[in-house]
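Read the structure below first, then the notes.
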Amino acid sequence: MSIVELDGVSKIYHVGDTPLYALNNMSFSVDEGEFSAIMGASGSGKTTTMNMIGLLDKPSHGVCRFLQEDVMTLTPDELAYYRNQYIGFVFQSFLLLPKLTVLQNVSLPLMYRQVSAKEAEQRSRNILDQVGMSEHMQHHPYELSGGQQQRVAIARALVGRPKLILADEPTGALDSMTGQVVMDLLRKMHREQNVTILVITHDRSVAQYCDRIIQVRDGRVVDDKENVRQTAGA
């Protein structure tokens, strides 16, 4: 089943009377269980594409479907519900709340779902153990390294058992060795959780961890293929 489908999607901004195409007739779909990358340079349209997939924006033209629902028909409240229930986000800058402990940061999405405090804590402890952060549950983000903070962010994205993880430049704030550790962790969690993961990156070495690479340029898909080298060794 398709998690997301973009069919002829354009996103147009206007600078005075001049239209600026952030996306220009973009089409592709992502199926359940994929571990894929959207790769492109700065200004290629990959962030706008992520915003469409993450239900943070709507197209100017074309059709964007999430779990087979036309995004254009969804109200702001419905979009927020879909994001909360079905999408986990991992950001380059981690976006952990500094005044909360690791455990509280991971539990936060479940609180928004009105999960009981007891269940939220148990699920958060379980996922933190899976990402190797069980010894740091009572620490605050500023007490952690960048790689540790990103592990917490991955745990926070996974704790709600989403259909889709969107990882936006997940290694961008990390050194190359720590970045490898984070990508190995994402691949491990993909296998163990059977969650769909879409990595947004400018870095080919990061995209090589994925089974499929969708390359974008000037708001269009210019290449979309299976990453044979990576899957052959998986």
Going by atom types alone, do [X] and [Y] pair a side-chain donor with an acceptor below 3.5 Å?
X    : Y    : value
T73  : D70  : no
Q122 : N126 : yes
Q193 : Q130 : yes
S10  : N25  : no
D203 : S205 : yes

State the [atom1]-[atom2] distance between [X] and [Y], to the nearest 0.5 angstrom.
X    : Y    : atom1 : atom2 : value
H140 : Q104 : NE2   : CD    : 6.5 Å
Q208 : M39  : CD    : CE    : 8.0 Å
I87  : L67  : CD1   : CG    : 8.0 Å
T49  : M26  : OG1   : CE    : 3.5 Å
R113 : M111 : CZ    : CE    : 13.0 Å
E169 : S93  : CD    : OG    : 11.5 Å

Do [X] and [Y] have side-chain heavy atoms sitting under 4.5 Å apart?
X    : Y    : answer
H61  : I12  : yes
S124 : L110 : yes
D223 : I213 : no
D224 : R212 : yes
V106 : M133 : no
I3   : D31  : no
Q150 : F94  : yes
L185 : R151 : yes

Side-chain donor or acceptor of [X] paired with backbone N/O of [Y] under 3.5 Å:
X    : Y    : answer
T101 : Q138 : no
S27  : G8   : yes
E119 : S116 : no
R65  : E5   : no
K11  : N24  : no
D7   : V63  : no

Using 30° and 60° as the class limits, which term best fits the ring planes of H190 and F35: parallel, tilted or perpendicular?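 Parallel, since the angle between the ring planes stays under 30°.
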
Once you measure the plane-to-plane angle for H139 and H136, does it fall in the parallel (<30°), tilted (30-60°) or perpendicular (>60°) bin?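 Because their plane-to-plane angle is over 60°, the rings of H139 and H136 count as perpendicular.
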
Give the minimum heavy-atom separation between [X] and [Y], together with the two atoms involved.
X    : Y    : result
C210 : A37  : SG-CB, 3.7 Å
A155 : V131 : CB-CG2, 4.0 Å
N84  : Y112 : ND2-CB, 3.8 Å
H202 : K46  : N-CE, 3.9 Å
L174 : G179 : CB-N, 4.1 Å
V4   : C64  : CG2-SG, 4.5 Å

Could you walk me through whether Q180 and T171 pass the side chain to side chain contact (heavy atoms under 4.5 Å, CB included) check? CA-CA 8 Å; Q180 291 175 22; T171 67; over 6 Å; no

Using the rule that two of Ile, Leu, Val, Met, Phe, Trp, Tyr join whenever any of their side-chain heavy atoms come within less than 4.5 Å, decide whether [X] and [Y] are in one cluster.
X    : Y    : answer
L166 : V199 : no
L164 : V90  : no
Y82  : L6   : yes
V206 : L198 : no
V115 : I127 : yes

Assess the residue pair R123 and R161 against the criterion (side chain to side chain contact (heavy atoms under 4.5 Å, CB included)); give the C-alpha distance rounded to whole Å, side-chain angles, the decisive distance to 0.1 Å, and a yes or no. CA-CA 10 Å; R123 284 171 59 175; R161 300 167 184 162; 3.7 Å; yes

Looking at M1, I'd like to know if its CE atom is crowded, meaning that more than 12 non-hydrogen atoms belonging to other residues, nucleotides or ligands lie closer than 6.0 Å.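 Enclosed.
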
Evaluate R156 against L96 for side chain to side chain contact (heavy atoms under 4.5 Å, CB included), listing each step before the verdict. CA-CA 9 Å; R156 180 183 58 190; L96 302 174; 3.5 Å; yes

So Y13 and Y21, side chain to side chain contact (heavy atoms under 4.5 Å, CB included) or not? Walk me through it. CA-CA 6 Å; Y13 300 96; Y21 282 77; over 6 Å; no

Between K225 and D211, is the closest basic N to carboxylate O distance under 4.0 Å?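 A salt bridge is absent here (no side-chain N lies under 4.0 Å from a carboxylate O).
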
